[in-house]
Amino acid sequence: RALRLWSRLTGAPAPDVFHTNEGHAGFLGVERISEHVAGFGLSFEEAREAVRSSTVFTTHTPVPAGIDRFASDLVRSHFGGPLEPVGVPLDELLALGAEDYDGGDPNVFNMAVMGLRMAQRANGVSQLHGHVSRDMFNGLWPGFDEDEVPITSITNGVHSTTWVDPLVFEVAREFLGTDTVEADDAWERIGDVPRDRVWGTKNALRAQLVEEARQRVRRAWVKRGASEAELGWTESILDPDVLTIGFARRVPTYKRLTLMLRDPARLKRILLDPQRPVQLVIAGKSHPADETGKQLVQQMVRFADDPEVRHRIVFLPNYDIAMARHLYPGCDVWLNNPLRPFEACGTSGMKAALNGGEQYANYDWEEFRSRLKVVLTKIAKQTAKDYVLFPAMAVPFTGARGYKKAASANYVANTVRDVWDHMTIFCGHFPDDAEKFTIEDIENETLPEWYLRQMLGTANFEGSDALH
């Protein structure tokens, strides 16, 4: 209704396609069905199909516990009798969110299930999350293999204009003449920004965060019953010149907020190192019904309250967007260590990166194993050729001794070549005649193109006998 009103007031075109972001927005589809029945005289089934054909659904949740599920009786009390939407019978509404599949609860109304049934297209928010979602909701498509379940993936992103700090935009305008670097094709001139100005801006962002954290910690302690006279120490918590690590999100168990507390003594040594100190700014809150999440927060708060380290680690309660706008830009490193595969996407690290922060996250071991398999296969093939096949070809001409000599010669040649190549690469001895290639140049490269690149990338060296 709000969108319809907006279109009427502004003259903007009425939307043709509606995107429901997670199950929270699911009742949008019910309202649209009611509009189609009341406004166009359609039957419920016709209206449902019309709405479904113009709806896209995105699921964000990688664990069943994160999905909104309500008792069916609660839905009856809000949508039955005189409260029943026009053209939407209660039984039909309940059927949209029913867990009427193997493993489902028939007494529950599932908002994500309703979202999927009301959408022509559905997606998760990363490739891995798409896989998790197809497995989690495959009961809606009985008889389908997992890879046939019609839930795809579109990797999440963040709205850069919202999350880039104004100080960063100021630097861009000053040295690049624009704050829309992509649109104005200003990436080529990034090198024109002085390095000391980049570092100075990062220091200013960190100082903003430190000041914000001090104020929030002070207010939090006042709410906990501390007097103003007891809180002088809050004026010196954190240091604007110390490496700052951030961690902020909801606190379900799979996010592993307290992983850093596995060895408290070691964490203290890291925080209090006299030569290379580190400080942690942590924010988060648990779901009101998540007792385990509340316990994790309590563990973190108890550690952060320790007078020995409370100037180096703070826990900021009531995490919200206002806090986040200081937190992401002010951190040097962003910590993200969820249990795989329970993190749907992880956009927090993107927000930190937009402000010059590094993300420290879980290594993707599945991708590592895949790449390792490719490398080991190449090594095995080349080893077999150099030390089995090629030496064996010498046997008919020189006998068994020839096999050993050929294998030894290959070993010496490979060793000398590898040492020489590494010296050349690491020392940067690339002659001007050798053509250089970027990662983009060699993506999807064919075998003939690879051979061509080997030729173009070679050149003659000139030097003394020692060089050769």
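Here, residue 1 is the first one in the sequence, and each next residue gets the next number. Bear in mind that the values here come from a model prediction, so they are computed numbers and not experimental data. Note: hydrogens, waters and symmetry copies are ignored here, and every other heavy atom, side chains too, is used.
Looking only at distances, no side-chain donor or acceptor of R216 sits under 3.5 Å from a matching main-chain atom of N318.
Classified by interplanar angle (parallel below 30°, tilted 30° to 60°, perpendicular above 60°), the ring pair Y328/W163 is perpendicular.
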Atom pairs and distances, side-chain donor-acceptor, residues 397-407, under 3.5 Å, sequence neighbours left out:
residue	atom	partner	partner atom	Å
T398	OG1	A394	O	2.9
Y403	OH	Y387	O	2.9

Determine all donor-acceptor pairs shorter than 3.5 Å in which one atom belongs to a side chain in residues 236-246; sequence neighbours excluded.
residue	atom	partner	partner atom	Å
S236	OG	W233	O	3.2
D239	OD1	D241	N	2.8
T244	OG1	V242	O	2.9
T244	OG1	Q279	NE2	2.8

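Around the CD atom of E188, the shell of radius 6.0 Å holds no more than 12 heavy atoms that belong to other residues, nucleotides or ligands. Summarising the local packing, CZ of R266 is surrounded by 12 or fewer heavy atoms from other residues, nucleotides or ligands at distances under 6.0 Å.
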Using the side-chain hydrogen bond (donor to acceptor under 3.5 Å, both in side chains) rule, take T58 and N123 through it: C-alpha gap first, then chi angles, then the decisive distance, then the call. CA-CA 5 Å; T58 295; N123 68 276; 3.0 Å; yes

Give the C-alpha distance, both sets of side-chain angles, the deciding distance and a yes or no for side-chain hydrogen bond (donor to acceptor under 3.5 Å, both in side chains) between D418 and T415. CA-CA 5 Å; D418 290 344; T415 301; over 6 Å; no

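Ion pairing of D386 with R417 is absent here, as no side-chain N (NZ or NE/NH1/NH2) approaches a carboxylate O to less than 4.0 Å. Comment: R453 does not engage D441 in a salt bridge, judged by the lack of any side-chain N to carboxylate O separation of less than 4.0 angstrom.
Side-chain atoms of N138 and E146 include no donor-acceptor pair closer than 3.5 Å. Neither side chain, Q295 nor E291, offers a donor N or O lying under 3.5 Å from an acceptor on the other.
Nearest heavy-atom pair across R312 and P277 is NE-CB, 3.9 Å. The minimum heavy-atom distance between Y101 and G139, with the atom names listed, is CB-O, 3.4 Å. Considering every non-hydrogen atom in both M300 and L257, the closest pair reads CE-O, 3.6 Å.
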